[in-house]
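The shown structure was predicted, so the numbers you read here are calculated from the model rather than taken from an experiment. Heads up: numbering here begins at 1 and tracks the sequence.
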Amino acid sequence: MGKQGVSRSLRPESQSDGMSLGMKDYQIRCCSENFCGNNPSIGRRLSGDDVNSGLKTVSVHGLKHDVSKISASKGSYGSKRNVWLQKHVRSILFMIGVIGFVFLVDSLTVSLVNLIIRRNTSPARKSIGIKDDNGPNVHKEKSPIQMYDRLVHLASVSLAKIEFKQEKSSLWKEPYLQASGWVPCADGNVVSDLGKFDKTNGYIVVSANGGLNQQRVAICNAVALASLLNATLVIPRFLYSNVWKDPSQFGDIYQEDYFMNTLKDDVHIVKELPSYLKSVDLEAIGIQITDADIAKEAKPTDYIRTVLPLLLQNGVVHFLGFGNRLGFDAIPFNLQKLRCKCNFHALKFTHKIQQVGSLLVKRIRKYEAAKSMLDKQLLGNFIDYVASKEDKVVGGPVKYLALHLRFEVDMVAYSLCDFGGGEDEKKELQAYREIHFPLLIERLKKSRTISSTELRMSGRCPLTPEEAALVLAGLGFKHRTYIYLAGSHIYGGNSRMRTFTNLYPNLVTKETLLTPSELAPFQNFSSQLAALDFIACASADVFAMTDSGSQLSSLVSGFRTYHGGGNAPTLRPNKKRLAAILSENKTIGWKTFGDRVSKMIEEGQRSRTRGFGRSIYRHPMCPECMCKSH
């Protein structure tokens, strides 16, 4: 007999609808073809005769059930269930509606933000180019290059999900309280300890090479050396470089009078040699000292032994180059303090640079933000800018992250790494090496070939824009984070930056923030342009670097440590550790990726006092530069 027959025999006409519903439910569950087959272990099918003949028990799945008790209980259960359903039906429907609405909103949000991420473009894209062999920017548009497709997709999904959620406040704060336990104290007079003699032993002339930041280090090393040798320092000159192509001199970048006045009690400083020495051919009389004559990071005793006799004999010595020619240990305490005073207090950018630097900071923040000690040190009197109506935004000032992305063609070519651009890229970089790095080419002919993978795993490859974006996304910085990009000569141009600007479209540079007329006085002066980057990076709410060996990154991070008051976080990726994480890009989950990146950055942010031999300009947290607060 089929299910319908059984249903009729189990539904007396006198039963209520509730009873009918209960018995039908029971009958379907107990007597369906699935359960009441011919298998004797399960039980035989029920028949109308069984019920009519007074069958009291049935066996279902080997268990005996009393039919009469089941009928009664099922009738009662059905009635109660109907009452319960009628009582709570509105609540149930409401909860179902709420859950459905939440899922719908979440789905629409993710879809909308993904659409924004795909469509958003950055104003910086039009200005990011690469510097060719002859110097000017050449925009070489190529197909987008992406090395980590899967991780980039996961980053895009993650950014979409967190876009409208509360951002982690810890991203914009120093993670360790120790950073605020030190305060600047190198601005006092050092003369009481060193002693400034009335009579000088002669004049020190320095012609510094390199760019803005190398020259800054040379200036402060020269101040310390003049004090050590009791000499008069002539304000340093800057050598013209075929790489930088910048004729700027000290007075074009720094305030000369302020520099001299700040250090007047510590060392003799003049703007130029006396007339009787101006006509002397310093090289001809053997008093020109090149970098080949002095060891890198030489000790004070080396100068006393080799330079002081020349100074006393001729009354003048000329250092040509002077790149990193004074070590950091062992140096007398007060000489270290004098170096700190020079770097963190005496070197102020010219009013022209400060004024335009204040425009940069104002336009990034879009509002007249609260003034910090960093702003005061960097911008001087121009910190009191007046925000215009168009610069103000609802909600107050905008936080911004400054990124120094070292991915210029010379650095990329010298690294010998593979950056996913295929054979065309390899040929292009090899051609650049042959022109610009002939000594490297000769060395490679005599040495073992190192694979690109080995170079990357050992932390010797510059981070690509794509890798930098993945780090920021892994840390949890939102899609709409404002990012200032220091420099703009990114190798590969827009094709290299495409992934970055897709994930972080609010990317700006000095070229996009300033008008052509505001930039005009700085064109063709790379050191002055670099000074604007220095201001924007040092003043940022967060500063991120991709190469800890960079002079700009080193000096900016040191400046933020010294003047930041323990509230100027700096992100320093460890390239070796990051390479190990990225090597798992095909399998690693996004949460695991984010956790490991966060741990790597957090360990790099630990506040440590300066170690032996470390740069005092980058690590000023030491008794020679800073004092512990109480």
For side chain to side chain contact (heavy atoms under 4.5 Å, CB included), just list the numbers for L475 and L571, CA-CA rounded to whole Å, side-chain angles, deciding distance to a tenth of an Å, and then say yes or no. CA-CA 10 Å; L475 290 172; L571 312 181; 3.9 Å; yes
Is any NZ, NE, NH1 or NH2 atom of the basic residue among [X] and [Y] found under 4.0 Å from an Asp or Glu carboxylate oxygen of the other?
X	Y	result
K271	D257	yes
D329	R610	yes
E297	R325	no
R498	E466	no
R480	E163	yes
K341	D187	no

Got a donor-acceptor contact below 3.5 angstrom from the [X] side chain to the [Y] backbone?
X	Y	result
T546	R406	yes
Y148	L470	no
E603	M600	no
D541	Y400	yes
T481	F477	no
S557	S554	yes
R618	S548	yes
S227	A224	no
N324	K296	no
S598	D595	no

Does a side chain donor of either [X] or [Y] reach within less than 3.5 Å of an acceptor in the other side chain?
X	Y	value
K348	Q354	no
Y617	N213	no
N343	R216	yes
K337	N334	no
H345	T262	no
E518	T515	yes

Just wondering, more than 12 heavy atoms not from [X] lying within 6.0 Å of its [atom1]?
X	atom1	value
R237	CZ	no
M411	CE	yes
K173	NZ	no
N524	CG	no

Do [X] and [Y] have side-chain heavy atoms sitting under 4.5 Å apart?
X	Y	result
F407	T464	yes
F559	L374	yes
Y504	K478	no

Verify side chain to side chain contact (heavy atoms under 4.5 Å, CB included) between K510 and L513, making sure each step is shown before the conclusion. CA-CA 5 Å; K510 54 186 175 292; L513 290 168; 5.8 Å; no
Would you compute the distance between atom [atom1] of [X] and atom [atom2] of [Y] and round it to the nearest 0.5 angstrom?
X	Y	atom1	atom2	answer
Q551	F534	CD	CZ	11.0 Å
I535	F382	CD1	CZ	10.5 Å
S248	F238	OG	CZ	8.5 Å
F419	Y491	CZ	OH	9.0 Å
M457	L582	CE	CG	9.0 Å
H563	D375	NE2	CG	12.0 Å

What about the rings of Y254 and F259, do their centers lie closer together than 6.0 Å? no
Knowing that exactly one of T512, D533, N506 qualifies, which makes a side-chain hydrogen bond (donor to acceptor under 3.5 Å, both in side chains) with Y484? D533
Stepwise, does the side chain to side chain contact (heavy atoms under 4.5 Å, CB included) test hold for L472 with L401? CA-CA 10 Å; L472 295 180; L401 178 148; 4.0 Å; yes
Can you tell me if the gamma sulfurs of C625 and C185 sit closer than 2.5 Å? no
Could you tell me if K352 sits above the aromatic ring of F522, with its cationic atom closer than 6.0 Å to the ring centre and no more than 45 degrees from the axis? yes
On a heavy-atom basis, which atom in G321 and which in L239 lie closest, and how many Å separate them? N-CD1, 4.2 Å
Determine, step by step, whether L455 and S415 satisfy the side chain to side chain contact (heavy atoms under 4.5 Å, CB included) criterion, reporting the C-alpha distance in whole Å, the side-chain angles of both residues, the deciding distance to 0.1 Å, and the verdict. CA-CA 8 Å; L455 288 169; S415 72; over 6 Å; no
What orientation do Y432 and H436 show, parallel under 30°, tilted 30 to 60°, or perpendicular over 60°? parallel
